[in-house]
Amino acid sequence: MSSEKVLSSGSGSGSASASASAPLASPHAEVCKGINGLNKVVLRDPRGSSAEVYLYGAHVTSWKNDHGEELLFVSSKATFKPPKAIRGGIPICFPQFSNLGSLEQHGFARNRFWTIDTDPPPFSTTSSSKTYVDLILKPSEEDMKIWAHSFEFRLRVALGPGGDLLLTSRIRNTSIDGKPFSFTFAYHTYFSVSDISEVRVEGLETLDYLDNLQNRERFTEQGDAITFESEVDKIYLSTPTKIAILDHEKKRTFVLRKDGLPDAVVWNPWDKKAKAMVDFGDEEYKHMLCVEAAAVEKSITLKAGEEWKGRQELSAVPSSYCSGQLDPQKVLHGS
Ligand code: TA6
């Protein structure tokens, strides 16, 4: 999988976007009302896995395996009311990650209403998934006042044959005055875990990271898997394309594969920050971990007409680490 920026003619006619009542391309996708009457799209794969995406923020709030088990964490205190972003699931940080710029924290894409993209340009690579939805975001006049750049942000959310969850973002600079723009980006994924103190993250050993708890000072990670016993907020730089999150108690391993997103953010607020967040339960830090495929260290610059693609594929595989059934090294370095 190679990250790519392409000069696209735009003739893919993907200009058509429509309200929630638009017919969906996939037979396994359905628009319905979610919390507070917000529109959401429910994806149900015939083999049993499912996912839910709110048009508000193009925000994935549920991903279930073929046993109906929820794999993502959404806070019991999450507010589904603009302008607040939904606490949990997969918020999309664009055009700014965190406070790395003059915009609001994590940019504005996560608290805008997206529309269904009824005629997206074809994908360069054919996808085997028949269960998907295409959403699109374009800047409003208000957005142009805070970030004066024309863009089209297309997001495809798909369920793969094995129940994998795939998010593919295509961001195109549609400026007519030839102005380039730069942005940072993250899929701010909240994984549901049984007990954070029993979780290990593999694939980030020995890498450099910026510590958000120490003014983004740069450090080098030690050689072992990452475990959790206090607040963590780190931006790992130039990571491998595969990261494994092992939930020992649930005998489950999440494998995150990413493309076009060189960095990875690891975050757990722990107890104090948890208490400080109104839309987060005091004890909920024990049952979530954010591992975020991101482009943070180097912002992405698009010339007029250029398009960037950033992809994340999540798999949840049964594992019993101790039995060696799933050796993370095999996961990370194997097929
Ligand atoms: O991705 C980690 C992080 O940037 C943390 O610093 C923390 O602020 C977290 O995101 C949540 O941000 P939010 O704006 O959703 O409260």
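Numbers here simply count residues along the sequence, with the first being 1. Each ligand, and each atom within it, is numbered from 1 in the order the structure gives.
Side-chain rings of F80 and Y54 approach one another, their centers coming within less than 6.0 Å.
In summary, the atoms of ligand 1 found under 4.0 Å from a heavy atom of D233, numbered by their order in the structure, are 2 (C), 5 (C), 6 (O). Near F97, the atoms of ligand 1 lying under 4.0 angstrom from a non-hydrogen atom of the residue are 1 (O), 4 (O). Atoms of ligand 1 found under 4.0 Å from any heavy atom of E292 (numbered from 1 in listed order, with element): 1 (O), 2 (C).
The nearest protein atom to atom 8 (O) of ligand 1, hydrogens excluded, is given as Q105 NE2, 3.2 Å; this is a heavy-atom distance. What sits closest to atom 3 (C) of ligand 1 on the protein, heavy atoms only, is H106 NE2, 3.8 Å.
The distance criterion of under 3.5 Å between nitrogen or oxygen atoms is not met by W267 with respect to ligand 1.
By the 30° and 60° cut-offs, the orientation of the rings of H149 relative to F181 is tilted.
Geometrically, K234 engages Y209 in a cation-pi contact defined by less than 6.0 Å to the ring centre and at most 45° from the axis. Remark: R170 qualifies as a cation-pi partner of F123 under the 6.0 Å distance and 45° angle criteria applied to the six-membered ring.
At distances below 3.5 Å, at least one donor-acceptor pair connects side-chain atoms of D177 with backbone N or O atoms of K179. Checking side-chain atoms of E231 against main-chain N and O of D233 turns up no donor-acceptor pair under 3.5 Å.
Heavy-atom separations between R87 and ligand 1 include at least one value shorter than 4.0 Å. At a 4.0 Å cut-off, at least one heavy atom of R110 sits close enough to ligand 1 to count as contact.
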